[in-house]
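Input: a single structure, listed below in structure tokens.
These figures come from a predicted structure and were not determined experimentally. Chain identifiers are assigned alphabetically (A, B, ...) following the order of the sequence lines, protein sequences preceding nucleic acid strands; residue numbering begins at 1 within each chain.
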Amino acid sequence: MTIYRSHVLVCGGTPCVLKGARTLKDLLLKEIERYQLSDEIRVVETGCLGPCDDGPVLIVYPEGAMYSKLKPTDILKIVEHHLLKGRIVEELVFRERKSSAGALQGSAVPLEQEKYLSLQKRVVLRNCGRINPDSIDEYIANNGYLALGQAVTTLTSDQVVKIVADSKLQGRGGAGFPTGLKWSFTAKTTSDQKYIICNADEGEPGTFKDRLIMEGDPHGIIEGMAIAGYAVGASQGIIYIRGEYGLSIERMKNAIKQATDYGLLGKKILGTEFNFEIDVRSGAGAYVCGEETALIESLEGNRGEPRVKPPFPGIAGLWGKPTIVNNVETLANIAPIILNGPEWFRSIGTENCPGTKVFTMLGDINNQGLVEVPMGITLREIVYEVGGGIPGGRGFKMAQTGGTSGGCLPSEFLDMPMDYDTLSKVGSALGSGAMLIIDDTHCIVDVLKSFMKFFCHESCGKCTPCREGTTRLYEIVLALSEGTATDTEIQLLKELSGAMQLSALCGLGQSAPNSLLTCLNFFADEFQAHLNGQCPSGICKNLTIESEAV
Amino acid sequence: MEMVKVTVDNQQVEVPKGSTILEAAKKVGIKIPTLCYHEDLDVKAMCRICVVEVVGARTLQAACSQPVSDGMVIITNSPAVRRARKINLELLLSNHPQDCLNCVRNQRCELQSLADQLGVQQQRFRPKTKTKSPRDESTAALIRDPEKCILCRRCVEVCHQVQSVGAISPANRGIDTEIAPAGGVDLNDVACVQCGQCSLVCPVGAIYEQDHTERVWSALADSSKHVVVQTAPAIRVSIGEEFGLEPGQVSTGKLVAALRRLGFARVFDTDFTADLTIIEEGHELLERLNKGGTLPMITSCSPGWIKFIEHFYPEYLAHLSTCKSPQQMFGALAKTYYAEKTGIDPKDIYVVSIMPCTAKKYECGRPEMTDSGYADVDAALTTRELAKMIRLAGIDFASLPEEEYDAPLGISTGAAVIFGASGGVMEAALRTVYEVVTEETLASVDFKAVRGLEGIKEAEVDLKGTKVKVAVANGLGNARKLMDLIKEGKADYQFIEIMCCPGGCIGGGGQPIPTTNAIREKRIKAIYDADLGLPLRKSHENPAVKTLYEEFLKKPLGEKSHHLLHTDYTKRGKYPEAANR
Amino acid sequence: MTVTSCNIQKPNLGEVIEKYKEFPGSLLDLLHEVQEIDGYLSRDVMQQIAEGLGISESKVYGVATFYSLFKTAPTGQFIIRICESAPCHIRGAQEVLEAIEETLGIKPGETTLDGKFTLEFTSCLGLCGVAPAIMINDQVYGNLTSDRVKEVLLNF
């Protein structure tokens, strides 16, 4: 292998590509060529580096200097000063922004010292942005497929299940079900065929972690799936990727091909009796297919409508065979757990919810993008430290945790630890890890309108409470924003929400009212104002602003 | 059987492992309200009306689908349960027309009954603003009204799983979901056989038959018309249910009496032409056996089945008997033989048939069914429509006297009665064919192997050295299995009876609602009771049929028979309207 | 690109059906690939698929109308999918929508008279990092404002 003096990692995540990263990369290569540095400097396009809002970004190693918000002229400077002369171009270095939005301070400190990264702990994203996702060699060079090798050659299936169970890893798709327990049910079931399905039908609004993991480290998922297959006795894996994720589909297919060529997938893996193959299948635009039984229906060529449980997929899933459905992020945790052991994993995060969590920070926050932090980090740390605070120094109004199906938390919850247990206790959810930060210029009713419309659009229509209920919720919220809602309708809203949570067939309908109920609880005044024909934020067009009305 | 102990509303009960909460509750005398649930179908857990509390579960569970486990504690009536059920029902009602009074199912609607049971007394949600697809009246037999549909999907289940027709499916998503034919086109433009099994399971008025009662009332009121009526074999064992009688009772005499009171000039019996069908079809079978005709020969009494084979197996039409159905033979004879005999101008004769079937409405409108020179049958009413007329006329059905059919087209045998149940045509044919071929009298006329609800039945009969292998299928899903065997060249039968509807005509799409498999069993028993109670039980012994041949037809498969009683079929294909695009 | 060259590159319906018919559950994959041919799934096409897979046409139609990426009627040459989920909503999706409506003179669910654009809503595209975002056919556009989206549309 050639030794390079420097590695330049250009972020190839979709947000950066949208902002012209590919053009910059071409220019970079041309400039390196021009200075005849091609033998010394290697340019690699990687998965997402995280601070999407500040794209395009690139990192130069070994210094670890991250440059952000790049323009073509910046590339010329970086090549000339940093790559040629070895001097970091300080004015281009990415910096944590202060909520005070004051002048940027500080010198070009190495990347690891930036606050943005200091709170992060990269397990799932260990390789994202550090290796070329299209190269299995780079993955292997970073201990890739070591865990699979260890599992199939030195551990029994039961031991693998036990390690995962002991790690207390919980499903990262939203519900937080213990992964080891899920695997143990299927491992115990006898069947001629079992399936491992990787759920990559990421559709929760505000969530794009799975896409970035697939784009940034596809082999991490493949390795996790193969280990799962070994653990429960499955020989067939399927990755179900939402149809809109073109690049993810491409990356995963390429990675599967490479792994198959290397004998890490296929028959007699690493010379053992273990066989495992993976297919990539894609969805066609239906959020509900993120629900595991709807996903299975979709894989069978049907309308993506959830099934009645029981039987649970672990016992009778795809084609009636025992089937594990795990989220992308869950599977990306498997190899590190096997390599480092369950105690290591439990040492991260909280006692009941160990490990890290990938969060997407969105909305009114300075550092929009992806971060991986230990479980139990507080909302305040996410918003004001990792997230760099709220733009323009505006006030924090609420955070919706867990995507559109999660609840909304006002400022009194800023110091609450973010983990599955704590959030479900207050009527919210950690869910997929989407954190939508909303500042005090927004109107609760207006935001809820958007939440509720989403569920109308995505309800599958199978069960009554969700099909009819989502539409009714939206209608009443719409009426509130137009000033035509009544007191009794607020009461009805509560009653309907309760019935949906208790009686809808699947998680979609059960969680659709979460945001509404938490808002009704925490922002009662604002609802009352709308009933009185006033929108305190001045967003709802037909209504007056309170202060003017008085 | 492994049993589990559960507690339902503080009552301990032991039920077989795998039982649902619904079944366990029933055992302690609690009838959990249901809506999408149907005892014969797989549809489950969609309406969320039957939800109950299971102690320890985070959410409410659907009683119709949730299996019990040992030690489970179930609460079927708690504030949370009542609230959720009521809200879910209110949601359905809020997206449903508020015109019960004008609905075909008024007072016999499952949604309406539930609203009463669950105490819905006001409409709390705003009136709906979104409209659904318009009412589809395109077919001869059925009307679909998407506005009334509550998306329970029983019709879809019946159409796909039971009948294997697949004319309708859920389309679109969420609040826009509708049950629709492919492409959202009219039902008449897809391969629907109009069997009406969907109308039988619909809990509301979203699929129902085309109403022919008005035209019958008009004909009855027209003094220039001589209105005669024929009743199908299966009506006598089901009509009583419309008036509160227990399923399984034979009401032949009351049925005749009711029709007479409605003003029909003559009350005849389709059983007469059922006997005639046996003579014609029996001879056709013998001819095919002797002369090397297309075998197996398949019966042609069931218009839903005829439409099915025309759509799905058009290359196999030569297997069908050319005999018209008894309804159509009756119509053709009423306007020829009967007209001649009575001297009534056939243009003034108006033939009404009472059928357990919706497809009969389609059949009597087929263009080839005019061999008498007129529409052979003018109106085909379902059992339900007849009941509606009897109610409208204020006739107290239960207290009617027993009366007899009119001669000659009302004279029949037990062989004709059993046409009403799956296997009946086969049994009736065997009774006749055996005696015609062997010239011996059957020791026992009962061919029990072909009776009952089982989907496909087989038997072998020894006709003095010639073995005849027969098969009987009921329900189109089973018919499809037999057709696929024929297609693969694996069917070694000589004669096959196929009835479109599960259980045969006693389970027809025009029968009283509800028609469940349990009720079908009772009607089947009644059919064989009626057969047993008749002095004549073989079609070839029917004296009126003998006279018909002597006076009019001359001989089976003769020229007149061919003209009036036989027909041919049309290749329709699966995509009937594709050519028009 | 001329019409002829387009036809050469397009998959052949019969071949696509042949390719998938042995794989149980492949209806979605099949519909994806077949939709490439005409840009939508016509009745004729759905009937041939039903025939090939041995399932009812109503089922094919039921599946095709369930998923938002499948079209059962002709659409414009370019489908503009505008994200209406919360992260885009609070970053000005409404403004972007209004700009598109104004520029093209169509509302969501409609197609321009010249058949060039169809506008429709979509749920989250996972492009929240650059909200508000839209997709035009396979191409994504983010960080939009009313001016920027007008610029984007001008390039078509």
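Heavy atoms of B/Asp176 lying under 4.5 Å from chain A are absent altogether. A/Arg303 touches chain B through its side chain: at least one heavy atom from C-beta onward sits under 4.5 Å away, while N, CA, C and O do not. For a residue to count as touching a neighbouring chain, one of its non-hydrogen atoms must lie under 4.5 Å from one of that chain's; by this rule B/Leu89 does not touch chain A. Residue contact with chain B, scored on non-hydrogen atoms closer than 4.5 Å, involves the side chain of A/Thr471 exclusively. Within the 4.5 angstrom heavy-atom criterion, no atom of B/Lys130 approaches chain A. Contacts of B/Arg58 with chain A are made by both backbone and side-chain atoms, with heavy-atom separations under 4.5 Å. Of the two parts of A/Ala286, the backbone and the side chain both hold a non-hydrogen atom closer than 4.5 Å to a non-hydrogen atom of chain B. Using a 4.5 Å cut-off between heavy atoms, B/Glu53 does not touch chain A at all. Heavy atoms of A/Gln501 lying under 4.5 Å from chain B belong exclusively to its backbone. Using a 4.5 Å cut-off between heavy atoms, B/Ser94 touches chain A through backbone and side chain atoms alike. Only the side chain of B/Ile87 comes within contact range of chain A, with at least one heavy atom under 4.5 Å from a heavy atom of that chain.
Top candidate by heavy-atom pairs under 4.5 Å with chain A, chosen from B/Thr129, B/Ile150, B/Leu92, is B/Leu92. Between chain A and the options B/Ala84, B/Pro170, B/Ala62, heavy-atom pairs under 4.5 Å are most frequent for B/Pro170. With respect to chain A, the highest number of heavy-atom pairs below 4.5 Å among B/Thr59, B/Leu35, B/Ile49 belongs to B/Thr59.
The structure places CD of A/Glu468 at 11.5 Å from NE2 of B/His96, a figure rounded to the nearest 0.5 Å. Interatomic distance, CZ of A/Arg307 versus OG of B/Ser65, reported as 14.0 Å (0.5 Å rounding). Atoms CG and CZ, from A/Leu502 and B/Arg83 in turn, are 8.0 Å apart once rounded to the nearest 0.5 Å. Separating the CZ atom in B/Phe125 from the CG atom in A/Leu496 is a distance of 4.5 Å, to the nearest 0.5 Å. Rounding to the nearest 0.5 Å gives a distance of 11.5 Å between CG of B/Leu151 and SG of A/Cys463.
Sparse packing is recorded around CG of B/Asn10, with 12 or fewer heavy atoms of other residues, nucleotides or ligands lying under 6.0 Å away. Counting non-hydrogen atoms of neighbouring residues, nucleotides and ligands closer than 6.0 angstrom, the CD atom of B/Gln98 exceeds 12 such neighbours. Heavy-atom contacts from other residues, nucleotides or ligands closer than 6.0 Å to NZ of A/Lys321 number more than 12.
At distances below 3.5 Å, not a single donor-acceptor pair connects side-chain atoms of B/Arg173 with backbone N or O atoms of A/Gly304. Listed for the B/Arg48 side chain is no donor-acceptor partner under 3.5 Å among the backbone atoms of A/Pro465. Proximity of a side-chain donor or acceptor of A/Ser459 to a complementary backbone N or O of B/Gly174 within less than 3.5 Å is not detected.
A/Ser503 and B/Val51 make their closest contact through CB-CG1, 4.1 Å (heavy atoms, listed as atom of the first residue, atom of the second, distance). Residues A/Arg472 and B/Leu91 approach most closely at CG-CD2, 3.6 Å, considering heavy atoms. Looking at every heavy atom in both residues, B/Ala45 comes nearest to A/Leu505 through O-CD1, 4.1 Å.
Salt bridge status for A/Glu489 with B/Arg124: absent, with no side-chain N to carboxylate O gap under 4.0 Å.
At a threshold of 4.5 Å between non-hydrogen side-chain atoms, the residues A/Pro310 and B/Pro67 count as touching.
With 3.5 Å as the limit, one finds no donor-acceptor pair spanning the side chains of B/Thr177 and A/Arg467.
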